[in-house]
Colleague: 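The structure is given below, and queries will be raised subsequently.
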2 protein chains.
Amino acid sequence: MKHRSSLAIPRLGGTSMSIREVAKRANVSTATVSRAIHHDSRVNAETAERVWHAIRELNYYPNVHARSLASGRSHIAGLIVSDITNPFFPELVQGFAEAALESGYDTLVASTNYDAARTSLAIRRMLERKADGVAIMTSEMDESLIAELKNRNVPMVFLDVAEPGRLISNLRVDYADGVGTAVRHLISLGHRRIGFLSGPDNLKSARVRREAFLECLSNAGLAIEDPRMVTDGGHRIDGGFDAMQRLLALDERPTAVLASNDLTAIGALRAIRTAGLRVPEDISVVGFDDIQLAAFTDPPLTTVRLPRTEIAERAFECLARNMDLGQEDGTEPVIGTKLVVRASTAPYHR
Amino acid sequence: MKHRSSLAIPRLGGTSMSIREVAKRANVSTATVSRAIHHDSRVNAETAERVWHAIRELNYYPNVHARSLASGRSHIAGLIVSDITNPFFPELVQGFAEAALESGYDTLVASTNYDAARTSLAIRRMLERKADGVAIMTSEMDESLIAELKNRNVPMVFLDVAEPGRLISNLRVDYADGVGTAVRHLISLGHRRIGFLSGPDNLKSARVRREAFLECLSNAGLAIEDPRMVTDGGHRIDGGFDAMQRLLALDERPTAVLASNDLTAIGALRAIRTAGLRVPEDISVVGFDDIQLAAFTDPPLTTVRLPRTEIAERAFECLARNMDLGQEDGTEPVIGTKLVVRASTAPYHR
DNA sequence: CTTATTCTCGAAAACGCTTACACCGCGAGC
DNA sequence: GCTCGCGGTGTAAGCGTTTTCGAGAATAAG
């Protein structure tokens, strides 16, 4: 028994305190130290205090790898997003990571870049690192991949894509309501020819928004006659720019447009101005998401706020329910939206 | 010896393949399997093939926690940024994570939010997760914290804050050059009264940019007379807005301004327009960073491009040199900048 | 044909923690 | 007076790898 590894070979990482040193110092066994650390009620209060004292004195903190190996829990929460570069996501990541941290979880972020191979790799990483739970905030997700997680009993939470089930939750954003208030806002301003800059068709949430738009319009007796009035802006600035140009080229161009997200709206803003028109005098535009930037476009963008921080927190809550409380059921909280009226919309005139 | 843990208690995570099963399947010892996995040249090619075959058949992948525990290496790279919500960072995170992934590292991101407590916590997390290396892309970093990492021989790389040393690298951005070309650009357009919207004073890089600005101007014989011509925009949109308003209120307002970052410039853009003036006809503005958004402001922003992806890749390279190649020295690559001329600058007239 | 090398490989210790199980007083119940 | 239960604690097995050490076979050298 020639222990003392750290003495033999000064491994990378240097000498690090182990639970044994704490045990020795506190004059107890390693088991008791472990129990004290986990606030196990079975250890005598006095003993526990002695242990904590030693811990502080030695500036000890447990080796997470050993801990994970022994306990089977990694205390890592996975978060998969489509594109961290999209301004929608950083706040989401931040909120999630923060909530996770509060519960003692580290967050492993993966950005799929809308790419199947990367997505698959992302799941693989979650599996390898043995994430205790995974939040999947992207829709490009193969069934087989989530099956892999399901098989291993990894709790999951989705954003608007899956049905809740065992260990699976889903956040449902009330897009219909959001789109509805936006459209009604436009209608109440007197607009009748309203265009829509949709998102990529393979994105469920984008489809939902478009459907909601269409339905809302026909409910108001304004059903779209020209199908070209809804056109794909790809949820990106340049896509929005192009899409808006198409709308402007129409014989009967819209007097107002609703964009499927703010990036698209920003592109539209530029296209309109480039065409020599003014917002909101000539055309009103409303976005969707309310990214931070929306308040600083020119003019400031009227948009439907999608509460990212709330989404993030709810998402982690869902996971925590399964991870910490050991519940097996999934839930489906509804996320509300809110119209933020700024200066890119105005009454229709002329 | 009652092994079969996975049979006894179906732990969370389900039955997971272990190296022993592979060994059994390939008719070798676990040691050989381990060696085969690591492409150890000492294992016979034929045996290795047999092992790999078994691995594929069983869909086996190693338990990272066991691996980390035994090897002392976590294959986790830490990345600490000040604010992931700041559009400057997501690209950085993305680039870093990507580079890391290619070398088999997962990235643990921490956002300090410019807060000392959080920063301290971030370091702690890196320590606990035993990150093999840490990239520190924020300047609010206490000496004592980095000492903690240094003690444990964790390689580090900084962005413009530290001196390189043992296991410590530093990326040096050539701000002087960037600011220089921007100022010369403005001067060549005929501008003589040039204002500066600086960043927060506690940020080293912000100070450097301001100094460079001042020096560059005096080199050109245009030394600033009115100290109010350089004012703090806080590196944020609203800060830039306010700062620009202060500049506009001056008796002799500038005909061009250089902002310490793009966010500030965007705020300035709005302030100028709000004051009823036009960019670039009345005032030219140039930003710094070239965030994605800069191409889509109105007008598109002339700015100094700071290559974030390159920074990210270089940063990881620096760490990898120490982590993988085992070199002990640090380096200090210089990161160049490039002026991107768009439409927010124009010749001075009248 | 023996001895020294080189190749391959296996046994088993070690990594640092968790946890099932055993154990040891000690007051309570009969 | 003896068993029972229980709060507290220690012992040691086990988590799934990596890695040292040495053994055996095969090859090279003498």
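Since the model is a prediction, treat every value here as computed from it, not as a measurement. We name chains A, B, ... by the order of the sequence lines, and we start the count at 1 in each one.
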Colleague: Base, sugar-phosphate or nothing for B:V64? Non-hydrogen atoms, less than 4.0 Å.
Modeller: nothing
Colleague: Rounded to whole angstroms, how far apart are NE2 on B:H39 and C1' on D:dT19?
Modeller: 18 Å
Colleague: Starting the side chain at C-beta, find the nucleotide from D:dT17, D:dT19, D:dG16 nearest to A:L69.
Modeller: D:dG16
Colleague: Starting from P on D:dT18, measure out to NE2 on B:H75 and report it in whole angstrom.
Modeller: 10 Å
Colleague: B:I80 versus B:M126: any side-chain heavy-atom pair under 4.5 Å?
Modeller: yes
Colleague: D:dG10 phosphate, OP1 or OP2: any side-chain N/O from A:S29 under 4.0 angstrom?
Modeller: yes
Colleague: Under 4.0 Å: is that the gap between some side-chain N or O of B:Y60 and OP1 or OP2 of D:dT17?
Modeller: yes
Colleague: Evaluate the criterion salt bridge (Lys or Arg N to Asp or Glu O under 4.0 Å) for residue pair A:E46 and A:R50; output intermediate values, then yes/no.
Modeller: CA-CA 6 Å; A:E46 206 171 290; A:R50 196 145 35 89; 6.0 Å; no
Colleague: Below 4.0 angstrom from OP1 or OP2 of C:dT18, is there any side-chain N or O of A:S34?
Modeller: yes
Colleague: Considering only side-chain heavy atoms of B:S18, which listed nucleotide, C:dC15, C:dT18, D:dT17, is closest?
Modeller: D:dT17
Colleague: Quick one: is B:R67 getting a side-chain N or O under 4.0 Å of the D:dT18 phosphate, OP1 or OP2?
Modeller: yes
Colleague: Look at all strands and tell whether A:H38 reaches a base, only sugar-phosphate, or nothing, counting heavy atoms closer than 4.0 Å.
Modeller: sugar-phosphate
Colleague: Side-chain N or O of B:T47 less than 4.0 angstrom from OP1 or OP2 on C:dC9?
Modeller: yes
Colleague: Using a cut-off of less than 4.0 Å, is there contact between a side-chain N or O of A:S71 and OP1 or OP2 of C:dC17?
Modeller: no
